[in-house]
Every structure is written in C-alpha cells, then in structure tokens.
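Heads up, the thing below is written out as structure tokens.
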Amino acid sequence: MWEQYNIYSRTNYTFDPTPSPYNITPEQVNATHKPFSVFDGCEHMVEGILFDLIVQCFNIAVGVPANILVIAILIRNKHEPTTSDIFLGCLAFMDAYFGLMVPISFLNFYHWRSKQGWMAMKFSYGVKDTSGPLFLSCICLDRFVAVLFPIAFGQLKAIKYRISLSVFVLCLTFAYASAKMIGGLPNFEKVFTGEILATFAWMVVCNLSILWALKRSRGAGKDEMHPMKKKAFKMVLSLLAIIVCNYLPPVALFPFQDHYSPMAFICYVQPVGFAFLNISSTIQPLIYLSRLEKVPFLPQSFLKRFSCKEKKEPSPA
C-alpha cells in the first residue's frame, strides 16, 4: 500500500496502484531528479487543479492584503471592540498565514525540495482545515447567544471568556495540524470529514435560528425592523452565505469518497472541494470590510472609485 500525498491531498489516502508520478512522498521528492509538476498523475484531468491554482493565486493577490487590513483595523479599534473581534482577528491571522505559505510551498516543490518545507506545507493545510470552521463557529455562537439569550450574553460579555475559547480553538488547531504534519495516523481523513460536517451543521442551524429570531422581533404593528437588528440580520445573512458557498461543496463531496475512482477523487473532487474552502480566506475579510461605513488606511478617492454606491443627483426641475 502506498501512502499518497500531493499538493492537492491534504489528508493521506491509501490506495493500491502501481508506483506512478502522483505517488509523491517527501523522500521521493528529495530522491527523484524528475522536474516536479502539480499535474503529476492528472495530465489528462487538469481542470480541477487549474481551478484550485487560480483560487490560490487570488488568495495571494487579494486575500493576504485584505486579511492584514482587517487585523490592522481591529488593532486600531481595540478601545471600542465588539464581542466577536478576537475571533475575527484570529481568523484573519490564520488566513493570512495560510495565504503566505502558498508561494513558500511552490518554492519548496520547484527549488528547495526540502522535507522540512513539505512538513511546513502540511502544517499550514492543517491550520486552514481547522481554524476557519472553528472560528466561524465561535462567531456564530457569539451572535446566537447575543440574539436568543441576551441576559446570559450580558453576563458573559467579559473578554476573558472569548480569550479562553480562542486559546482552546488554537490548541485544537495546532494539535490537528501537528498530527497532519507527522502523518501516518490510521483513518485520519475521517477527522476532517467529521469536523467539517459537524461545524457546517452547527453554523447553518445557528444562523437560521438567529435570522428567524430577528425576523420575529419586530415591534407590534411595525413592518420595519429596528435599524440595529436589521444590521445584525444582514451580518448573519452574509455569514450564512459564506458558510453555504465555501463549506457546502466539501461537505457534499468528501463523505462519498468511496464512490469515486482514486484518480477522479485526487484530480477533480479534492482540488475543487478544497478550492471552495480556500477561497474563504479572501471572501471572509472582504465581507467584513464591505460592512464598514469607512475603511481606515485607504484614501477616500480609492474607496469611491470601487464603491458600488452612487450618489443620486437631483433631477432637473
């Protein structure tokens, strides 16, 4: 049995093919003199890999600067924080780290060919697999308690509770990433499948409950929602859209791994599923920035040029 791992395989899947170029291990990377190609073994099925490459380039060009900007804004507003800021900051930091690791990974594939670089890449994939779903779940939990249990939320508003939860999530993230980096654990891919299914189900139920509660919270005889509740409604709705768009494809595809051929799973299902997961590193900070009335550190002329809002000019009499 060969332990497979390539650039698009974040978990170790075991099949029983004859040795071929896509059965790449760190030792084989160092031993072989054949130039590395991201399409090894998928030369006739490149569409899924090309799609993921485009997403990774987009993350580097847009996602990394956007996440750094989010971190800078959160630090600037530290004297007037919201309850979810610590979760947003951790999420932005992890996504920025993951984006910065992509060019380092390619340098290792094409130039360094180092086992340590390979392990660092696997660690970064483990961080992305775990930190995104868990910190989004923390944000959902924070909004869920705030809307449905306001009295309990007032009692748990102290920052120490969110710091403790963030430390717990970071410990889980680094434990999972370390296990992925070391490798060799039996049925390890099922941990990721179980995690993504559980967090996806929690986030969807949580956000739907929040939306339902906000919809029903209109005052007697009022058709319009309170402005603050309307703002919260839009925020939760955008969060739900992120969850469904980015996490539904892997949730829908990965549990049925046994129904695909090994090549179809490696060349099509994995890269496409993880591409939707990876693009969340760009969509999440952009959604956060779009909700701000004013984005600091950027000139107003720049914002007006890319703003979708147009000022209404008075119609001539």
Side-chain angles (χ1 to χ4, degrees), residues 7-8 10 38 49-82 84-111 117 120-136 138-139 166 169-170 173-174 177 234-235 238-239 241-243 245-247 249 271 274-309:
I7 189 172
Y8 297 102
R10 297 191 183 181
V38 294
I49 295 177
L50 283 175
F51 178 68
D52 190 50
L53 285 173
I54 293 170
V55 168
Q56 292 196 43
C57 293
F58 189 70
N59 277 341
I60 297 170
V62 180
V64 172
N67 280 295
I68 292 174
L69 182 57
V70 169
I71 295 171
I73 292 171
L74 293 174
I75 294 173
R76 185 175 183 268
N77 298 337
K78 63 182 178 180
H79 298 297
E80 298 178 356
T82 64
S84 298
D85 278 1
I86 187 169
F87 303 136
L88 288 167
C90 290
L91 183 61
F93 179 80
M94 293 299 185
D95 282 341
Y97 159 74
F98 175 71
L100 290 172
M101 281 299 297
V102 173
I104 295 175
S105 300
F106 277 96
L107 280 173
N108 186 62
F109 278 127
Y110 286 102
H111 181 62
M121 184 195 73
K122 292 176 71 176
F123 185 86
S124 70
Y125 277 135
V127 167
K128 176 59 182 173
D129 291 349
T130 313
S131 63
L134 291 184
F135 278 117
L136 277 177
C138 290
I139 296 172
S166 298
V169 169
L170 289 173
T173 297
F174 293 141
K234 290 182 178 179
M235 185 190 75
S238 64
L239 190 61
I242 291 174
I243 293 165
C245 292
N246 295 138
Y247 292 93
F274 280 123
F276 279 97
L277 197 67
N278 293 342
I279 197 64
S280 64
S281 296
T282 298
I283 294 177
Q284 284 158 189
L286 291 181
I287 292 292
Y288 172 81
L289 295 172
S290 69
R291 294 201 308 264
L292 299 178
E293 295 179 1
K294 183 180 179 182
V295 180
F297 310 112
L298 292 180
Q300 287 297 112
S301 57
F302 177 85
L303 296 176
K304 288 179 181 179
R305 181 178 299 179
F306 293 95
S307 175
C308 297
K309 298 180 181 179

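Numbers for residues simply follow the sequence, beginning at 1. These numbers come from a predicted model, not from an experiment.
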Q. Just by distance, do the side chain of N246 and the backbone of F276 share a donor-acceptor pair under 3.5 Å?
A. yes
Q.
Before you tell me yes or no, could you show the steps for F106 and L53 under side-chain contact (heavy atoms from CB on, under 4.5 Å), namely the whole-Å CA-CA distance, both residues' side-chain angles and the distance that decides it to 0.1 Å?
A. CA-CA 11 Å; F106 277 96; L53 285 173; 3.6 Å; yes
Q. Nearest heavy-atom pair of A92 and N67: which atoms, and what distance?
A. CA-OD1, 3.3 Å
Q: Provide the closest heavy-atom pair for Y97 versus A120 in the form atom of the first, atom of the second, distance.
A: OH-O, 4.3 Å
Q: Determine the minimum heavy-atom distance between L136 and Q284, stating which atoms define it.
A: CD1-OE1, 3.4 Å
Q: Could you please spell out the steps behind the side-chain contact (heavy atoms from CB on, under 4.5 Å) verdict for V169 and C90?
A: CA-CA 10 Å; V169 169; C90 290; over 6 Å; no
Q | Full working for side-chain contact (heavy atoms from CB on, under 4.5 Å) between N59 and I279 | A | CA-CA 7 Å; N59 277 341; I279 197 64; 4.0 Å; yes
Q: Fit a plane to each ring of F98 and Y125, take the angle between them on a 0 to 90° scale, and name the class: parallel (under 30°), tilted (30 to 60°) or perpendicular (over 60°).
A: tilted
Q. Can you tell me how far the CG atom of L74 sits from the CG atom of D85, to the nearest 0.5 Å?
A. 5.0 Å
Q. Is a side-chain N or O of N278 found less than 3.5 angstrom from the main chain of D52, in a donor-acceptor match?
A. no
Q.
Can you tell me how far apart CZ (R76) and CG (L69) are? Round to the nearest 0.5 Å.
A. 10.5 Å
Q: Taking all heavy atoms of P103 and all of I60, pick out the closest pair and write down the distance.
A: CD-CD1, 3.8 Å
Q | Full working for side-chain contact (heavy atoms from CB on, under 4.5 Å) between F174 and T130 | A | CA-CA 9 Å; F174 293 141; T130 313; over 6 Å; no
Q) Atom CZ of F135 and atom CD1 of I86: how far apart are they, to the nearest 0.5 Å? A) 8.0 Å
Q: Hey, could you give me the CD1/CG distance between I68 and D95, rounded to the nearest 0.5 Å?
A: 11.5 Å
Q) When rounded to the nearest 0.5 angstrom, what distance separates CE in M121 from CD1 in I104? A) 12.0 Å
**Q.** Heavy atoms from other residues, nucleotides or ligands near CZ of F93 exceed 12 (cutoff 6.0 Å)
**A.** no
Q) Taking all non-hydrogen atoms of both residues, which atom of A61 and which atom of P65 are closest, and how far apart? A) O-CG, 3.4 Å
Q.
What I'd like to find out is whether the side chain of I73 reaches to under 4.5 Å of the side chain of L289, using heavy atoms alone.
A. yes
Q. Got a second to check how far I71's CD1 is from L91's CG, nearest 0.5 Å?
A. 9.5 Å
Q. Of all heavy-atom pairs between S280 and Y247, which one has the smallest distance, and what is that distance?
A. OG-OH, 4.2 Å
